Amino acid sequence: MTEVKPKCQTCENLNCLIRKNSMKEGMDVYLDQKVTISCKKSQNFIIEGSPVYGLFFVYKGKAKVAKTGINGREQIIRFVGNGEIIGHRGFGAQNFYQINAVTLENTVICNFSTKVLEEMMQHIPSLTYDFMLFYSDELNKSETKVKKFAQMTVREKVIDAILYINRKFGLVDGLLALQLSRKEIADFAGTTEEQVIRTLSALKKEKLLTSSGKKIGISDPEKLKSEIAVHNYFIDS
DNA sequence: GCATTAATTGGTC
DNA sequence: GACCAATTAATGC
């Protein structure tokens, strides 16, 4: 752990709420209290049910946020990349995390304690406002997701999941930059691994998707989008 | 190359 | 459309 703590003021993750406000008067004292940790792939750095110890930001890497169901069934809430927040539901009244967060690759994470965050919020209004907008947006996404889960067919859910991953992480050589197992796609889409596999091979046969090994490529994004357009696919849930 | 893990396929409820 | 079992492909050591 000889990592140099990245400075917020010069961080390249311009979408990070802390970064956005890092130049504000009085921020320095809070930013100095940041803790940065280096996680290997598949590290469970937030454990469901454990006491809240602040807010996390992805500095570099990727992670998934999930809730565990009864018989090992997992519901992936969302995927996060550079500059994004994790654990924000634990901020405020709640004392225990309601989610698990696991890295999908080697990932560097910044952490602010709840105490430091509270002080920041009290003293930097623009930061507080940005957070409010963020929470509002999250709630909107969450509501959209409820609708999707209730109304979409499996095929639509899988298409939606693929497009979401594409929107968020993009393609490399025509293949999704974030490589997930079929099980993970299923846990995110709200269906089973087998259904995902069957849907993927159907879409492949229809020439809407391509694949190279276990990696997935998109060959006809417009057609995919039009299939779920009726569900407002463009809302990034 | 072998052993473990993931993907796929077929069948049942 | 979920769950289970058997087969096959992919990947780690």
Side-chain angles (χ1 to χ4, degrees), chain A residues 38-48 58 60-81 98-109 141-221 223-233 235 237:
Chain A
S38 232
C39 292
K40 290 199 277 284
K41 185 180 176 176
S42 302
Q43 279 212 339
N44 190 185
F45 62 97
I46 298 179
I47 297 163
E48 203 167 340
V58 176
K60 192 174 193 317
K62 296 180 183 74
K64 63 176 175 184
V65 178
K67 272 177 181 286
T68 318
I70 16 173
N71 32 11
R73 256 183 87 88
E74 211 183 21
Q75 178 61 55
I76 296 178
I77 311 297
R78 61 197 195 112
F79 295 99
V80 290
Q98 308 295 313
I99 47 110
N100 270 303
V102 181
T103 54
L104 295 168
E105 56 188 55
N106 292 346
T107 300
V108 181
I109 292 162
K141 289 176 185 174
S142 172
E143 288 167 354
T144 305
K145 201 156 195 159
V146 171
K147 192 191 96 172
K148 274 187 189 168
F149 268 64
Q151 300 182 353
M152 278 188 166
T153 65
V154 165
R155 182 186 166 98
E156 288 167 340
K157 285 178 186 175
V158 173
I159 292 175
D160 186 64
I162 299 293
L163 289 176
Y164 167 88
I165 296 162
N166 178 40
R167 251 196 328 269
K168 197 143 194 175
F169 299 100
L171 303 172
V172 173
D173 300 331
L175 300 168
L176 289 176
L178 174 62
Q179 202 198 324
L180 298 169
S181 69
R182 308 286 134 118
K183 172 86 166 50
E184 284 171 318
I185 296 174
D187 289 342
F188 179 62
T191 180
T192 59
E193 186 179 4
E194 293 90 334
Q195 293 282 4
V196 169
I197 288 166
R198 290 186 166 112
T199 309
L200 287 178
S201 31
L203 291 170
K204 219 159 67 184
K205 204 171 281 178
E206 296 169 36
K207 307 251 182 276
L208 299 179
L209 292 181
T210 58
S211 73
S212 151
K214 43 202 318 194
K215 292 187 175 162
I216 300 165
I218 298 178
S219 39
D220 196 341
K223 212 160 183 179
L224 288 171
K225 283 179 194 171
S226 69
E227 271 206 43
I228 57 167
V230 65
H231 297 284
N232 298 337
Y233 81 91
I235 297 176
S237 56

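Here is how names work: the chains are called A, B, and so on, in the same order as the sequence lines, proteins then strands, and each is numbered from 1. Since we're looking at a predicted model, the values are computed, not measured.
Comparing C/dC3, B/dA7, C/dG1 against the side chain of A/Ser181 picks out B/dA7 as the nearest. Side-chain proximity of A/Thr191 to C/dC3, C/dA2, B/dA6: nearest is C/dA2.
Close to B/dT8, at under 4.0 Å from its OP1 or OP2, lies a side-chain N or O of A/Arg182. For C/dA2, the OP1/OP2 oxygens have a side-chain nitrogen or oxygen of A/Thr192 closer than 4.0 Å.
The existence of a salt bridge linking A/Arg182 and A/Glu193 is excluded, since no basic side-chain nitrogen approaches an acidic carboxylate oxygen closer than 4.0 Å.
Both A/Gln179 and A/Glu194 lie near DNA chain C, and the one whose nearest nucleotide falls closer to the 5' end is A/Glu194.
Listed for the A/Tyr164 side chain is a donor-acceptor partner under 3.5 Å among the backbone atoms of A/Phe79. With hydrogens and angles ignored, the 3.5 Å screen pairs a side-chain donor or acceptor of A/Ser181 with a backbone N or O of A/Glu184.
One donor-acceptor pair, N or O on each side, does fall under 3.5 Å between the base of B/dG10 and the side chain of A/Arg198. For C/dC3, the base has no donor-acceptor partner in the side chain of A/Gln195 [N/O atoms by modelled type, under 3.5 angstrom].
Atom NZ of A/Lys147 has more than 12 neighbouring heavy atoms from other residues, nucleotides or ligands inside a 6.0 Å radius.
At a threshold of 4.0 angstrom between heavy atoms, the contacts of A/Arg73 are confined to the sugar-phosphate backbone, with no base atom among them.
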